[in-house]
Amino acid sequence: MSTAVCRVLELKRPEEIDLAQAARYLGARGEPDSATMALLDRCARPLLNAAAPRAVYLRAKKEDLASLWQGADVERHLAGCPEAVLLAVTLGPGVDAQIRRAGIGDVAAQAATDALASTLAEQVCDQAEEILRSMARDQGLYLTGRYSPGYGDWPIAVQPRLAALLDTQKRIGLYVTDTFLMLPRKSVTAVLGLSDVPVTGKRAGCAHCALRDKCEYRKRGVTCES
């Protein structure tokens, strides 16, 4: 894992999307019904075909990224980590287009495709994180979990700075708008702490999280901590 240089990660498009998890994104509680699963199954393949996952990361000393650490929660998450790894992942513009396409005359299909895309984004982020974790292990280092702008009191206003550090527009086609939205929409930015001792990081909890009213984890009846 190189230091202070942006590197693009080679990602593979997953062979399938976790339909049960997508059903939870749709708001299903417990075992989803057969109609929901059939709808998700019908929408999954076109979405997968439209996806082009890409990722970029940057490893640097935590102090060199000091302008990003706004709020106490991200500082707690990175406690004990002298270095940090910035990560950006996107599914590409084809996924946004497929969500719009699926919704033409079919609101249910649009909702299902959006839920599938959120699930796929998480799967791809997990893949990118595991690659980084493997590289860290090879160097005798340890990573925390992912922590994204908007979690706890870490403001989404850091998005443009984070994207600039990763050069996301050039490297993976990810653009951050003036209102801090990411385009393509199904994209994720995050930080992971890096240390030479085992670390896990610390989530902020839901009570004062800026995303609590629209959190995808809470829609599934879980938290980002779990």
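What you see below is based on every heavy atom in this structure, not just the backbone, and it leaves out hydrogens, waters and symmetry mates. Please read all numbers here as calculations on a predicted model, not as lab measurements.
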*If you look at every heavy atom in Ile99 and Ala117, which pair is closest and at what distance?*
CD1-CB, 3.9 Å

*asked:* Tell me every residue that passes side chain to side chain contact (heavy atoms under 4.5 Å, CB included) with Ala157, counting only those two or more places apart in sequence or in another chain.
replied: Pro155, Phe180

*Heavy atoms of other groups near Glu16 CD, more than 12 under 6.0 Å*: no

*asked:* So, applying side chain to side chain contact (heavy atoms under 4.5 Å, CB included) with Val191, which one of Leu78, Leu87, Leu162 is it?
replied: Leu78

*Hydrophobic cluster membership, Leu141 vs Leu143, 4.5 Å side-chain cutoff*: yes

_Shortest non-hydrogen contact from His77 toward Thr200_ = CE1-O, 4.1 Å

_side chain to side chain contact (heavy atoms under 4.5 Å, CB included) assessment of Val158 paired with Val74_ = CA-CA 12 Å; Val158 304; Val74 69; over 6 Å; no

*Carefully, step by step, assess Met182 and Thr168 under the rule side chain to side chain contact (heavy atoms under 4.5 Å, CB included).*
CA-CA 10 Å; Met182 290 185 288; Thr168 58; over 6 Å; no

*State which residues pass side chain to side chain contact (heavy atoms under 4.5 Å, CB included) with Ala111; sequence neighbours excluded, sorted by chain then number.*
Leu26

_Atom pair CD (Glu10) and CD (Gln127), whose distance is rounded to the nearest 0.5 Å_ = 10.5 Å

_Closest approach of Ala23 to Met37 (non-hydrogen atoms, all atoms of both residues)_ = CB-SD, 4.3 Å

*Atom CD of Glu130 and atom SG of Cys125: how far apart are they, to the nearest 0.5 Å?*
13.5 Å

_Rounded at 0.5 Å granularity, tell me how far CZ in Arg42 sits from CG in Leu116._
11.0 Å

*Would you please say whether a donor-acceptor pair under 3.5 Å links the side chains of Gln159 and Thr189?*
yes

*What are the two closest non-hydrogen atoms of Ala115 and Ala22, and how far apart are they?*
CB-O, 3.5 Å

*Linking I/L/V/M/F/W/Y whenever any side-chain heavy atoms sit under 4.5 Å apart, do Val199 and Tyr147 land together?*
no

*asked:* For the CZ atom of Arg59 and the CG atom of Leu132, what is their distance to the nearest 0.5 Å?
replied: 11.0 Å

_Check whether Arg185 reaches the backbone of Val95 with its side chain - one donor and one acceptor, N or O, closer than 3.5 Å._
no

*Evaluate side chain to side chain contact (heavy atoms under 4.5 Å, CB included) for Leu86 paired with Leu68, printing each intermediate quantity in order.*
CA-CA 10 Å; Leu86 303 181; Leu68 292 177; 3.8 Å; yes

*With the side chain counted from C-beta on, respond yes when Gln123 and Gln21 share a heavy-atom pair under 4.5 Å apart, and no when they do not.*
no

*Do the non-hydrogen side-chain atoms of Arg146 and Val89 ever get within less than 4.5 Å of each other?*
no

_Rounded to the nearest 0.5 Å, what separates atom CG in Leu47 from atom CG in Leu120?_
6.0 Å

*Candidate pair Leu48 and Arg13, rule side chain to side chain contact (heavy atoms under 4.5 Å, CB included), full reasoning*: CA-CA 8 Å; Leu48 265 177; Arg13 183 168 55 190; 4.0 Å; yes

*Give a yes or no on whether Tyr142 and Ile131 share a hydrophobic cluster (residues Ile, Leu, Val, Met, Phe, Trp, Tyr; joining criterion: side-chain heavy atoms under 4.5 Å apart).*
no

*Nearest 0.5 Å please: distance from the CG atom of Leu58 over to the CG atom of Leu166.*
6.0 Å

*Arg133, CZ atom: more than 12 neighbouring heavy atoms under 6.0 Å*: yes

*Qualifying residue for side chain to side chain contact (heavy atoms under 4.5 Å, CB included) with Val124, from Val188, Thr90, Thr119, Leu11*: Leu11

_Taking the side chain as everything from C-beta on, heavy atoms only, tell me whether Thr177 gets closer than 4.5 Å to Leu183._
yes

*Check whether any side-chain heavy atom of Lys186 sits under 4.5 Å from a side-chain heavy atom of Ser118, and report yes or no.*
yes

*asked:* Looking at every non-hydrogen atom in both residues, tell me the closest pair between Ala44 and Ile17 and how far apart they are.
replied: O-CD1, 4.1 Å

_Looking at every non-hydrogen atom in both residues, tell me the closest pair between Thr144 and Gly193 and how far apart they are._
OG1-N, 2.8 Å

*With the threshold set at 4.0 Å, does a side-chain nitrogen-carboxylate oxygen contact exist between Arg76 and Asp153?*
no

